[in-house]
Amino acid sequence: MSSQIMTIGPAPCEVHPAQVGAPDYDERSRIECQVFKRMLARLYPVPANCPATLIIKSSAHDFGAYREVCVRYDDANQQANDYAYAMEANTPVQWDAIASYELAWLERQAAFNRAVHGGEIRQEEIPAIFRSGLPDLPAGQTIGQLLAAFPF
């Protein structure tokens with residue numbers, strides 16, 4: 001297998017992602033890449049038996065490491081090539097409703113965790129919805145519908 005890595009990006013094309021060198025870059029880029037990877041997997045699932053996978057890759061930069069979502073694929077396999085190039089050609093331009101909800105949820109969870117580590121609140125004071133993983137969100141909903149059904 002001849003493995004290649006194709007960079008998709010840290011976020012949808014028309015979104016301004018976290019900037020390397022910014023004080024909050026590490027946390028924001030980790031969240032954005034996590035959510036973007038899940039969004040891409042939701043929109044473009046890897047076909048069965050296709051030697052391709054979505055990954056988050058860190059690379060060196062003058063101002064520190066930066067992260068991006070990439071497709072690792074077997075370039076000797078036509079299905080994997082087609083998948084990687086289709087993803088690159090059809091990269092979303094904006095966050096979808098599920099990704100928008102996840103970004104807000106993960107940022108709120110991170111704020112609660114910072115407050116616990118800073119001694120501002122106790123672990124037990126974190127609302128229950130933020131003590132577990134992201135809720136399983138249904139497709140085909142607006143962000144308003146998701147927030148109404150899964151408030152935080």
Side-chain angles (χ1 to χ4, degrees), residues 3-48 50-74 80 83-118 120-121 123-152:
S3 181
Q4 295 292 323
I5 294 178
M6 180 180 293
T7 300
I8 303 302
C13 301
E14 293 180 0
V15 170
H16 297 292
Q19 297 298 303
V20 175
D24 63 347
Y25 176 77
D26 192 53
E27 183 176 316
R28 276 197 58 213
S29 73
R30 184 175 290 113
I31 289 171
E32 288 172 353
C33 284
Q34 238 183 340
V35 171
F36 191 41
K37 179 181 171 193
R38 276 198 300 277
M39 181 175 148
L40 291 171
R42 209 173 37 255
L43 297 175
Y44 309 110
V46 177
C50 179
T53 188
L54 292 169
I55 63 169
I56 296 172
K57 183 178 181 238
S58 291
S59 301
H61 185 278
D62 290 344
F63 299 106
Y66 66 95
R67 290 181 188 85
E68 294 183 290
V69 177
C70 303
V71 180
R72 178 180 288 142
Y73 65 102
D74 178 354
Y83 175 79
Y85 282 93
M87 170 132 357
E88 180 188 46
N90 297 294
T91 302
V93 295
Q94 294 292 331
W95 298 111
D96 67 5
I98 291 174
S100 294
Y101 179 98
E102 289 181 351
L103 284 167
W105 190 96
L106 288 165
E107 287 170 3
R108 179 79 51 94
Q109 183 189 50
F112 279 119
N113 288 334
R114 281 192 306 274
V116 167
H117 288 24
E120 300 164 44
I121 64 172
Q123 185 75 30
E124 311 80 63
E125 295 177 285
I126 295 177
I129 191 170
F130 296 108
R131 286 189 233 144
S132 59
L134 282 161
D136 187 21
L137 303 170
Q141 304 287 303
T142 66
I143 185 66
Q145 290 169 322
L146 291 172
L147 287 168
F150 303 91
F152 57 84

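These numbers were taken from a predicted model, which means no experiment stands behind them.
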Could you pull out the closest heavy-atom pair between [X] and [Y], with the gap in Å?
X: Phe36; Y: Val69; answer: CD2-CG2, 3.8 Å
X: Pro47; Y: Tyr83; answer: CD-CD1, 3.7 Å
X: Pro10; Y: Pro17; answer: CG-CG, 3.8 Å
X: Asn90; Y: Tyr44; answer: O-OH, 2.6 Å

Who pairs with [X] by side chain to side chain contact (heavy atoms under 4.5 Å, CB included), at least two apart in sequence or on another chain?
X: Ser132; answer: none
X: Glu125; answer: Ile121, Arg122
X: Val15; answer: Ala11, Pro12, Gln94, Trp95

request  = Mind jotting down which residue pairs meet the ring-ring contact (aromatic ring centres under 6.0 Å, His included) criterion with at least one end in residues 12-34? Sequence neighbours excluded, please.
outcome  = none
ask   = For residues 105-114, which residue pairs qualify under side-chain hydrogen bond (donor to acceptor under 3.5 Å, both in side chains), counting only residues two or more places apart or in two chains?
value = Glu27-Arg114
inquiry  = Just to verify, what does Asp26 make a salt bridge (charged side-chain N to carboxylate O under 4.0 Å, His left out) with, not counting sequence neighbours?
reply    =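 Residues passing salt bridge (charged side-chain N to carboxylate O under 4.0 Å, His left out) with Asp26: Arg30, Arg67.
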ask   = Can any side-chain N or O of Glu32 pair as donor or acceptor with the backbone N or O of Ala18 at less than 3.5 Å?
value = yes
ask   = Going by the salt bridge (Lys or Arg N to Asp or Glu O under 4.0 Å) test, which pairs reach into residues 37-48, not counting sequence neighbours?
value =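 Passing the test, one end in residues 37-48: Arg38-Glu102, Arg42-Asp96.
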query = Could you give the distance from CE (Met87) to SG (Cys70), rounded to the nearest 0.5 Å?
reply =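 That separation rounds to 11.0 Å.
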inquiry  = For the OG atom of Ser58 and the OH atom of Tyr66, what is their distance to the nearest 0.5 Å?
reply    =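 So the OG of Ser58 and the OH of Tyr66 are separated by 9.5 Å.
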Without placing hydrogens or testing angles, list every side-chain donor-acceptor pair under 3.5 Å for residues 50-57, not counting sequence neighbours.
none

ask   = Ile8 versus Leu40: any side-chain heavy-atom pair under 4.5 Å?
value =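 Touching, per the 4.5 Å side-chain cut-off.
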Let me check something: any side-chain donor-acceptor pairs from residues 143-152 under 3.5 Å, sequence neighbours excluded? List them with distances.
| residue | atom | partner | partner atom | Å |
| --- | --- | --- | --- | --- |
| Gln145 | OE1 | Thr142 | N | 2.8 |
| Gln145 | OE1 | Thr142 | OG1 | 3.4 |

ask   = Could you walk me through whether Ile98 and Met39 pass the side chain to side chain contact (heavy atoms under 4.5 Å, CB included) check?
value = CA-CA 8 Å; Ile98 291 174; Met39 181 175 148; over 6 Å; no
